[in-house]
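Heads up: the structure comes next, in structure tokens.
Lettering of chains follows the sequences in order, A, B, ..., and the numbering in each one begins at 1. Note that these values count all heavy atoms, side chains included, but never hydrogens, waters or copies made by symmetry.
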Amino acid sequence: MAHAYIEDLSKHVGQEVEIRGWLYNRRESGSIQFLIFRDGTGLVQGVLTKKDPAFEKAKQLSQESSVKVCGTVKEEKRAPGGYELILKDFEIVQRVEGDYPISHKEHGPDFLLNHRHLWMRTPRQAAILRVRHEVMQAMRDFFDERGFIATESPIFTPSACEGTTTLFEVNYFDENKAYLSQSGQLYLEATAMALGRVYWIGPAFRAEKSKTRKHLTEFWMLEAEMAYFEQPQNIELQEALVKYIVQRCLEKRVRELNDLGRNTSMLEAVLKEPFARLLYNDAIKLCNELCKEKIAKGEVEEIPWGGDFGAPHEEALGAHFGRPVFIEKMPAMMKAFYMEPDPANPDLVLAADLIAPEGYGELIGGSQRISDIDLLKKRLKEFGLPEEPYQWYIDLRKYGGVPHSGFGMGVERTVSWICGLEHLREAIPFPRTIYRLTP
RNA sequence: UCCCCGAUAGCUCAGCGGUAGAGCGGCCGGCUGUUAACCGGUAGGUCGUAGGUUCGAAUCCUACUCGGGGAGCCA
């Protein structure tokens, strides 16, 4: 008998197939039973009536028992998904004894996170992880189609990339300390000088005691770095990338997005017109104007020049534009040491953040990097950073330095935004937050 | 690190000073098209921990622990 995956059942109408999976739910009504199976690709309803030989045996099937089932695929409007299996026989691979922790009723976040290894089996969580796969795959395809080289940067690093945020420290033999990378950017700059245009998707670690729905201590980041790219090209590439990812998810994961209850018109709107662009100076004015009433009530803080955007400001910007917004040319002192100053105003840097609509926060942070060796050394000094550990990074400007640009994009934030999630912790298989290291 | 909220059955919660409750899940039984099916029965609890107030505390007070939401920082 031919094995089939549930997502392909529409191609097997009238045929007898084998499904290998788990029992999601069972309902019984005297002389008819409905068994819902899942196999990782979707859900399908199986039907058994009293006259079927397997009818009695099916009563042993408990939630999440693993089974191989045989049946004929039938188009059926009354069945969820539109197809059902007229069951012939099944083999119990392993029967679940007693109760299964995750019921079909509501659960609290703590309970669900403690059972993340089982929670992922629920249709909603599985759908999110399928969208995550699509987002990652779209990222790779986007760069591969454009001739970028996929590369890697190290996880163990000798010190901070940017020197500001908190790092996780680990023992590295004998007396040495190593730190988990919070960004691969500096290494990607070196790689870009070897390979031209490079990207990687890897983990990043931040030991910040952030306690919000927009933060994880371990998250995945897409980073790209391009030799001979100046900031306008950099931004153009970012916009094309975001549109590519959204387009792909709309094409290939509509079923998942619908199951998640995502309003896809919000995503379709993203594709229609160019992203909004604002200079930092204008952006703070606009934010303060948009949040005027709340600032007056003391609910939201006014952004001073040189201040960063808070969550309420980002939300207000998203609501105002209804599509992603680039905020360009921030004051140099609020950004990292390696950013290229704006030739028109050296107090500003050629950087841009991409703010997602619907309050999902900063999706991308990018900039043109300093290519002049003397300026880089000067900046290190201004930021109070020692030259010695950055010697190899300075070398990139000594041996054939060129203008170059790049950016970093948060994978979980992107997945969260596309899926319309409440919390980042649903966008990664095993979330790590300040108070959670298990399972 | 700061502010707010919570902890009662396996799960979600009600009870808020006087004998510990419901729904779901488990188990047993009933029901021919169910959609988190439904109906009946049944088992299941040191009321987060420690102290205090009181004749009496799940309930009021204090501390601690754990968790949730938000701020800051950032992706």
Side-chain angles (χ1 to χ4, degrees), chain A residues 24-36 43 45-52 55 59 62-64 74 76-82 84 86 96-115 118-119 122-124 162 164-166 182-185 201-223 299-301 307-315 334-336 353-356 360-366 407-417 422-425 427-428 433-436:
Chain A
Y24 174 69
N25 198 11
R26 189 171 70 86
R27 283 187 292 273
E28 192 190 342
S29 173
S31 36
I32 189 163
Q33 280 186 65
F34 298 97
L35 302 108
I36 315 273
L43 295 174
Q45 170 170 289
V47 185
L48 272 176
T49 51
K50 202 156 197 170
K51 60 183 191 311
D52 294 316
F55 188 83
K59 292 182 177 175
S62 45
Q63 191 187 352
E64 287 302 315
K74 185 188 162 198
E76 171 59 71
K77 286 201 179 67
R78 288 172 291 183
E84 72 180 10
I86 308 302
V96 173
E97 306 287 343
D99 61 350
Y100 177 75
I102 313 258
S103 74
H104 295 138
K105 294 281 177 178
E106 278 179 33
H107 296 284
D110 188 42
F111 176 82
L112 289 171
L113 287 164
N114 285 335
H115 294 83
L118 301 176
W119 184 28
T122 61
R124 176 182 164 82
E162 304 181 17
T164 49
T165 35
T166 331
Q182 55 176 358
S183 161
Q185 185 206 310
I201 302 174
F205 306 89
R206 304 268 165 101
E208 293 150 355
K209 294 194 171 178
S210 297
K211 241 192 100 177
T212 80
R213 63 177 84 179
K214 291 197 188 80
H215 293 87
L216 298 169
T217 53
E218 177 182 312
F219 65 98
W220 286 69
M221 192 152 61
L222 162 71
E223 293 180 280
E299 290 168 7
V300 171
E301 279 180 45
D308 221 330
F309 299 86
H313 310 110
E314 287 176 351
E315 210 153 315
M334 64 184 278
K335 302 302 274 186
D353 287 344
L354 181 67
I355 309 297
Y360 282 93
E362 196 182 322
L363 239 41
I364 294 181
F407 62 91
M409 179 173 193
V411 170
E412 288 77 16
R413 284 194 185 172
T414 306
V415 172
S416 258
W417 167 52
E422 285 292 311
H423 203 299
L424 226 50
R425 66 190 162 204
I428 184 166
T433 58
I434 171 168
Y435 296 126
R436 185 168 296 281

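- A side-chain donor-acceptor contact under 3.5 Å links Gln33(A) to the backbone of Phe55(A).
- Using a 4.0 Å heavy-atom criterion, one finds that Gly361(A) contacts no nucleic acid atom at all.
- Using a 4.0 Å heavy-atom distance criterion, Ala204(A) is classed as making no nucleic acid contact.
- The side chain of Asp110(A) lies closest to G67(B), out of G67(B), C74(B), G68(B).
- For U8(B) and C47(B), the C1' atoms lie 4 Å apart once the distance is rounded to whole Å.
- Taking all atoms of both residues into account, the shortest heavy-atom contact from Gly408(A) to Glu223(A) is CA-CG, 4.1 Å.
- As the counterpart of A50(B), U62(B) is assigned, both hydrogen-bonding distances of the Watson-Crick or G-U wobble pattern falling under 3.5 Å.
- For the C1' atoms, the distance linking A43(B) with C27(B) amounts to 8 Å, nearest Å.
- Asn114(A) places no side-chain N or O within donor-acceptor distance of the main-chain N or O of Phe111(A), the cut-off being under 3.5 Å.
- Listed candidates were C31(B), G68(B), C74(B). Nearest to the side chain of Glu28(A) is C31(B).
- Nearest heavy-atom pair across Val96(A) and Ser62(A) is O-OG, 2.5 Å.
- Atom P of C11(B) sits at a distance of 24 Å from the matching atom of G70(B), rounded to the whole Å.
- Here the side chain of Arg206(A) pairs a donor or acceptor atom with the backbone of Gln182(A) at under 3.5 angstrom.
- Taking atom P in both U46(B) and A9(B), one finds a spacing of 9 Å when rounded to whole Å.
- Rounded to a whole angstrom, the distance from the P atom of A22(B) to that of U42(B) is 11 Å.
- His215(A) places none of its side-chain heavy atoms less than 4.5 Å from the side chain of Glu412(A).
- One can place CZ of Phe407(A) at 18 Å from C1' of C74(B), the figure rounded to the nearest angstrom.
- The phosphate of G67(B) (OP1 or OP2) has no side-chain N or O of Arg425(A) nearer than 4.0 angstrom.
- At the heavy-atom level, Asp308(A) lies under 4.0 Å from the strands shown only through sugar-phosphate atoms.
- As a whole-Å value, the separation of Met334(A) CE from C74(B) C1' is 11 Å.
- Checking A75(B), G69(B), G68(B) against the side-chain heavy atoms of His423(A) singles out G69(B) as nearest.
- Nucleic acid contact class of Ile102(A) (heavy atoms, under 4.0 Å, all strands): none.
- Ranked by how close their nearest RNA chain B nucleotide is to the 5' end, His313(A) and Trp220(A) are led by His313(A).
- Here the CG atom belonging to Leu48(A) is positioned 10.5 Å from the CD atom belonging to Glu28(A), to the nearest 0.5 angstrom.
- Look at CZ on Arg26(A): it is 12 Å from P on G25(B), rounded to the nearest Å.
- The CH2 atom of Trp119(A) sits 5.0 Å away from atom CG of Leu113(A), with the distance rounded to the nearest 0.5 Å.
- Taking the P atom of each, C24(B) and U19(B) are spaced 26 Å apart, rounded to whole Å.
- Using atom P as the reference point in both U1(B) and C55(B), the two lie 41 Å apart (nearest Å).
- In this structure, A22(B) forms a base pair with U12(B), meeting either the Watson-Crick or the G-U wobble geometry with both donor-acceptor distances under 3.5 Å.
- Per the geometry, CE belonging to Met221(A) stands 13 Å off P belonging to C74(B), to the nearest Å.
- On the P atoms, U49(B) is 11 Å away from A58(B), given to the nearest whole Å.
- With rounding to whole Å, Gln185(A) atom CD is found 13 Å from A75(B) atom C1'.
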Atom pairs, N/O to N/O, protein against nucleotides 32-34 of chain B, distance under 3.5 Å?
from, atom 1, to, atom 2, distance (Å)
U32(B), O5', Ser31(A), OG, 3.4
U32(B), O4', Ser31(A), OG, 3.1
G33(B), O2', Arg78(A), NH1, 3.1
G33(B), N1, Glu84(A), OE2, 3.0
G33(B), N2, Gln45(A), NE2, 3.4
G33(B), N2, Glu84(A), OE1, 2.7
U34(B), O2', Arg27(A), NE, 3.0
U34(B), O2, Arg27(A), NE, 2.9
U34(B), O2, Arg27(A), NH2, 2.8
U34(B), N3, Gln45(A), OE1, 2.9
U34(B), N3, Gln45(A), NE2, 3.2
U34(B), O4, Gln45(A), NE2, 2.9
U34(B), O4, Arg78(A), O, 2.9

Worked verdict on Lys214(A) versus Thr212(A) for side chain to side chain donor-acceptor pair (under 3.5 Å): CA-CA 5 Å; Lys214(A) 291 197 188 80; Thr212(A) 80; over 6 Å; no
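- Listed nucleotides A75(B), C74(B), G68(B) differ in distance to Arg436(A); the shortest reach to its side chain belongs to G68(B).
- For Gln33(A) and A37(B), the CD to P distance is 13 Å, given to the nearest whole Å.
- Summarising the geometry, the separation between CD on Glu218(A) and P on C74(B) is reported as 21 Å, rounded to the nearest angstrom.
- Base-pair partner of U1(B): A71(B) (Watson-Crick or G-U wobble, both distances under 3.5 Å).
- Nearest heavy atom pair, residue Met334(A) against residue Gly307(A), reads CE-O, 3.6 Å.
- Rounding to the nearest 0.5 angstrom, the gap separating the CZ atom in Phe309(A) from the CD atom in Glu362(A) is 10.0 Å.
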Could you list the protein-to-nucleotides 5-11 of chain B atom pairs, N/O on both sides, closer than 3.5 Å?
from, atom 1, to, atom 2, distance (Å)
C11(B), O2', Glu106(A), O, 3.2
C11(B), O2', His107(A), ND1, 2.4

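- Side-chain atoms of Ile428(A) and Trp220(A), non-hydrogen and from C-beta on, do get closer than 4.5 Å to each other.
- In terms of position along RNA chain B, the nucleotide closest to Thr433(A) lies nearer the 5' end than the nucleotide closest to the other residue of the pair Thr433(A) and Asp353(A).
- Taking atom CG on Asn25(A) and atom C1' on C24(B), their separation rounds to 12 Å, with Å as the unit.
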